[in-house]
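Quick notes on the structure that follows.
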Amino acid sequence: MIFTAAMNFKAEGGGVPMAPAASACDGKLSFCEAAGIPKWRTFLCLPFLVAAKHTSIHGFSVTDAKDCTIRLSRPMVVHADGEYCGEVTEVHFHCLPGKLRVLK
């Protein structure tokens with residue numbers, strides 16, 4: 001696994017649309033995963049990720065779920081909204097509907 005991003009909006013804070021079909025109102029998180037991509041190929045994939053065209057590339061997937069637990073064989077760095085949360089071997093994500101009010 002290269003990364004997994006749990007998203008409740010289409011784009012992350014820097015504007016990269018990792019989950020182009022994500023909805024903040026459906027009670028689910030969109031998980032964008034990248035895995036099985038050779039390191040040399042990751043830079044070639046970056047423009048597709050930025051253009052929200054990565055979902056058709058082998059090695060990327062976007063899945064919607066209310067919750068997800070990821071268990072790893074070795075510790076990986078976890079961050080939330082850019083803040084370092086440590087290195088873990090297990091992390092659980094779940095959606096809390098109605099907990100954040102967004103003004104339009």
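Nearest heavy-atom pair across Cys32 and Phe3 is O-CE1, 3.7 Å. Nearest heavy-atom pair, Thr89 versus Arg74, reported as atom, atom and distance to 0.1 Å: CG2-C, 3.9 Å. The two residues Cys85 and Ala80 make their nearest non-hydrogen contact at SG-N, 3.7 Å. Listed here is the closest heavy atom pair of Ile70 and Cys68: CG1-SG, 3.9 Å. In terms of heavy atoms, Cys95 sits closest to Lys28 at SG-N, 3.9 Å.
Side-chain contact check for Val78 versus Tyr84: every heavy-atom pair is 4.5 Å or farther apart. Residues His58 and Ile37 have side chains not in contact (no heavy-atom distance under 4.5 Å, counting atoms from C-beta outward). Side-chain contact between Met7 and Glu12 is present, with at least one heavy-atom pair separated by less than 4.5 Å. Looking only at side-chain heavy atoms (C-beta outward), Met76 and Val88 stay at 4.5 Å or farther from each other.
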| query | Can you list the steps and then say if Thr69 with Glu90 is a side chain to side chain contact (heavy atoms under 4.5 Å, CB included)? | reply | CA-CA 7 Å; Thr69 299; Glu90 183 172 319; 4.0 Å; yes
Self-check item: side chain to side chain contact (heavy atoms under 4.5 Å, CB included) evaluation trace for Lys66 with Leu29
Solution: CA-CA 6 Å; Lys66 291 189 182 229; Leu29 293 170; over 6 Å; no
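For Thr4, there are no side-chain hydrogen bond (donor to acceptor under 3.5 Å, both in side chains) partners at least two apart in sequence or on another chain.
Separation of atoms NZ (Lys10) and OG (Ser30) is listed at 9.5 Å; rounding is to 0.5 Å. Note that the OG1 atom of Thr55 and the CZ atom of Phe60 stand 10.0 Å from one another [nearest 0.5 Å].
Surrounding NE2 of His92 are more than 12 heavy atoms belonging to other residues, nucleotides or ligands, all under 6.0 Å away.
One hydrophobic cluster, built from ILVMFWY side chains closer than 4.5 Å, holds both Ile2 and Ile57. Taken together through direct or relayed side-chain contacts under 4.5 Å among Ile, Leu, Val, Met, Phe, Trp and Tyr, Val91 and Met1 form part of one hydrophobic cluster. Each of Leu44 and Leu49 belongs to its own hydrophobic cluster when Ile, Leu, Val, Met, Phe, Trp and Tyr are linked at side-chain heavy-atom distances under 4.5 angstrom.
Phe48 and His54 have their aromatic ring centers separated by at least 6.0 angstrom.
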